[in-house]
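For reference, the structure is listed below as C-alpha cells.
We count ligands from 1, going down the list as the structure has it; atoms in each ligand are counted the same way.
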Amino acid sequence: MEFVKYEVQGAVAVVTIDRPKALNALNPDVLAELKATFEAIDQNTIRCVVLTGAGDKSFVAGADIGSMSTMTKAEGEAFGKLGNDIFRMIETFPLPVIAAINGFALGGGNELAMSCDIRICSDNAVFGQPEVGLGITPGFGGTQRLARLVSPGMAKQMVYAALNIDAQEALRIGLVNAVYPQAELMEAALKLATKISRNAPIAVRNCKKAMNEGLQVDMDQAIVIEEKLFGDCFETHDQVEGMACFLSREKPKPKAVFTNN
Ligand code: CAA
C-alpha cells in the first residue's frame with residue numbers, strides 16, 4: 001500500500017493514512033487503499049482499530065481538492081458515493097474504531113472521524129466543514145453525521161459558515177471525547193484500544209451493533225434490537241466463564257481468539 005499503513009500491536013490494529021505531503025487528503029487511491037485495509041483486517045485476532053494520520057500536522061485535510069476540481073455533476077455524485085460507502089463500512093465495521101485525530105480534520109477528514117465510534121484528539125487539532133467555501137456541500141456524510149453528533153444548530157453554524165473549531169471547542173460540543181498533548185495522543189488511543197480489546201469480543205461487537213442500529217429507529221424497536229443482541233451473548237464462552245468466575249471470585253481468563261461458542 002502506498003497511502004495507508006497497517007500495523008498490529010497485540011489485538012489492536014493501527015491504520016495510518018499516509019500522504020503527508022498533501023496533509024493526508026483523500027483522493028480515490030487513498031480511499032481505495034483505506035477500503036482494502038479494513039477489508040483485510042483479521043476479525044478473529046483483532047479486537048479494536050485505531051485510525052490516525054501520518055505526521056504531526058494533519059489527521060486528514062479533506063477530500064482531495066485537485067481530484068474534485070474538474071468533476072462533472074455525475075462524477076461528483078459518484079465520488080460522494082465512493083467516500084460514503086467506505087465511511088459507512090467503517091461506521092458499521094464489527095470492531096470498534098477509535099479516531100486518533102492528530103491535527104487538521106477538515107471536510108472529509110472530519111467526516112472520516114465522525115464515522116468512527118470514538119474520537120480523541122491532540123491539542124493542535126482543528127475541525128471543520130469548509131466545503132461551502134469551495135462551492136460544494138460536505139459530501140462524505142458531513143451534513144448527516146455532524147447534526148447527529150453535536151446539536152443541529154451547532155452543526156448548521158459550522159457547515160453554513162465554514163467555521164473551523166479548535167480541540168477545546170470540539171470537546172465542549174461533544175465532537176471529541178478527550179484532548180491530549182500531541183505527544184501523548186497515540187499512547188492514549190492505544191491504551192483505550194487495549195482496554196476495549198480485553199473485554200468479551202462478542203459482547204463488545206453486540207454493543208456496537210445495538211447502539212448503532214438502535215439510534216436509527218424509535219425506542220420500541222431499539223429495545224427489541226437490544227434484547228436480541230443481549231440474548232445472543234448467552235451460552236458464549238465469555239458469558240459462561242465470565243459469570244462463573246464472578247460467582248467463584250476467580251479472574252476470568254481472556255479469550256485469545258474470537259469465537260461464537
Ligand atoms: N486537497 C488537496 N491537497 C491538499 C488539501 C486537500 N484537501 N489540503 C491540503 N492540501 C495540500 C496543499 O495543496 C499543499 O500541497 P503543496 O505543498 O503541493 O502545495 C499541502 O497539502 C500543504 O498544505 P498547505 O500549504 O495549504 O498547508 P497550510 O498549513 O498552509 O494549510 C490547511 C493547511 C488549512 C489545512 C490548508 O491546506 C487547507 O485549507 N486545506 C484544504 C482544507 C479543505 O478545504 N478541506 C475540505 C475539502 S472538500 C471535502 O472534503 C469535500 C467532502 O466533504 C468530501
### Query
Would a 4.0 Å cut-off, counted as strictly less than, catch a protein heavy atom around atom 16 (P) of ligand 1?
no
### Residue portion contacting ligand 1 (non-hydrogen atoms closer than 4.0 Å) for Lys57
side chain
### Summary
Among Phe79, Phe104, Phe87, the residue with a heavy atom nearest to atom 34 (C) of ligand 1 is Phe104
### Shortest non-hydrogen contact from Glu33 toward Val4
OE1-N, 3.0 Å
### Message
Distance under 4.0 Å to a non-hydrogen atom of Pro130: what atoms of ligand 1 satisfy this?
### Response
43 (C), 44 (O), 45 (N), 46 (C)
### Query
Is the closest heavy-atom distance from Met68 to ligand 1 below 4.0 Å?
yes
### Message
Any salt bridge linking Asp64 with Arg19? Criterion: basic side-chain nitrogen under 4.0 Å from a carboxylate oxygen.
### Response
yes
### Message
If you define the side chain from C-beta out and look only at heavy atoms, does anything of Val15 sit under 4.5 Å from Lys5?
### Response
no
### Query
Does the side chain of Thr236 pick up a donor-acceptor pair with the side chain of Asp238 at under 3.5 Å?
no
### Message
Please report whether atom 24 (P) of ligand 1 has a protein non-hydrogen atom at a separation of less than 4.0 Å.
### Response
no
### Message
Would Gly66 count as being in polar contact with ligand 1, using the rule that some N or O on each side must be under 3.5 angstrom apart?
### Response
no
### Query
Counting N and O atoms only, with roles assigned by atom type, does the side chain of Asn102 sit under 3.5 Å from a partner on the main chain of Gly55, one being a donor and the other an acceptor?
yes
### Identified side chain to side chain contact (heavy atoms under 4.5 Å, CB included) partner of Ile118 from the options Val97, Ile196, Val50
Ile196
### Message
I'd like to check atom 1 (N) of ligand 1 in this structure: does the protein have a heavy atom lying under 4.0 Å from it?
### Response
yes
### Query
For Ala22, is the nearest heavy atom under 4.0 Å from an atom of ligand 1?
yes
### Query
Among the clusters formed by ILVMFWY side chains lying less than 4.5 Å apart, do Met1 and Val60 turn up in the same one?
no
### Message
Suppose I only count heavy atoms of Leu134 and a 4.0 Å limit; which atoms of ligand 1 are within that range?
### Response
44 (O), 47 (C), 48 (S)
### Query
So, does Arg119 use its side chain to make a donor-acceptor pair with the main chain of Ala113 at under 3.5 Å?
yes
### Message
Phe104 vs Asn164, test: side chain to side chain contact (heavy atoms under 4.5 Å, CB included). Steps then yes/no.
### Response
CA-CA 10 Å; Phe104 292 114; Asn164 287 352; 5.9 Å; no
### Task
Please indicate whether any nitrogen or oxygen in Gln129 is less than 3.5 Å from any nitrogen or oxygen in ligand 1.
no
### For atom 47 (C) of ligand 1, closest protein heavy-atom neighbour
Ala63 O, 3.6 Å
### Task
List every atom of ligand 1 that sits less than 4.0 Å from any heavy atom of Glu111, numbering the atoms from 1 in the order shown and giving each element.
52 (C), 53 (O), 54 (C)
### Query
Distance below 4.0 Å between atom 38 (C) of ligand 1 and any protein heavy atom?
no
### Message
Can you confirm whether some protein heavy atom lies under 4.0 Å from atom 28 (P) of ligand 1, or whether none does?
### Response
yes
### Message
For a 4.5 angstrom cut-off between non-hydrogen side-chain atoms, does Asp18 reach Phe3?
### Response
no
### Query
Is the closest side-chain heavy-atom distance between Met158 and Ile173 below 4.5 Å?
yes
### Distance-minimising heavy-atom pair for Phe127 and Ala167
CE1-CA, 4.2 Å
#### Entry: Over all atoms of both residues, closest heavy-atom pair of Phe87 and Arg145
CB-NH1, 4.2 Å
### Message
Please report whether atom 7 (N) of ligand 1 has a protein non-hydrogen atom at a separation of less than 4.0 Å.
### Response
yes
### Query
Between Leu26 and ligand 1, which part of the residue brings a heavy atom under 4.0 Å of the ligand: side chain, backbone, both or neither?
neither
### Task
Any atoms of ligand 1 less than 4.0 Å from a non-hydrogen atom of Phe140? List them with their elements.
53 (O), 54 (C)
### Message
So for ligand 1, is Gly108 a polar contact partner (N or O within less than 3.5 Å, distance only)?
### Response
yes
### Summary
Judged by heavy atoms only, the candidate from Gly109, Gly107, Ala61, Ala25 nearest atom 43 (C) of ligand 1 is Ala61
### Task
Look at ligand 1 and say whether Pro138 reaches it with a heavy atom at a distance under 4.0 Å.
yes
### Query
To the nearest 0.1 Å, how far is atom 36 (C) of ligand 1 from its closest protein heavy atom, and which atom is that?
Leu23 CD1, 4.6 Å
### Task
Applying side chain to side chain contact (heavy atoms under 4.5 Å, CB included), run through Gln239 and Met243 and close with a yes or a no.
CA-CA 6 Å; Gln239 180 266 326; Met243 292 190 181; 3.3 Å; yes
### Query
With a 4.0 Å cut-off, strictly under, does atom 51 (C) of ligand 1 pick up any protein heavy atom?
yes
### Task
Can you pull out the closest protein heavy atom to atom 20 (C) of ligand 1? Residue, atom name and distance to 0.1 Å, please.
Lys21 O, 3.3 Å
### Summary
Note: Pro138 and Gln129 closest approach over all heavy atoms is CB-NE2, 3.7 Å
### Query
What do you reckon, does Gly139 have a nitrogen or oxygen under 3.5 Å from a nitrogen or oxygen of ligand 1?
yes
### Message
Considering both backbone and side-chain atoms of Thr137, is one of its nitrogen or oxygen atoms within less than 3.5 Å of a nitrogen or oxygen in ligand 1?
### Response
no
### Summary
On a heavy-atom basis, the closest approach of Leu190 and Gln9 is CD1-OE1, 3.6 Å
#### Entry: Numbered atoms of ligand 1 (with element) below 4.0 Å of Leu106, judged on heavy atoms
35 (C), 42 (C)
### Task
For Asp64, counting its heavy atoms only, list the atoms of ligand 1 lying under 4.0 Å from any of them.
1 (N), 2 (C)
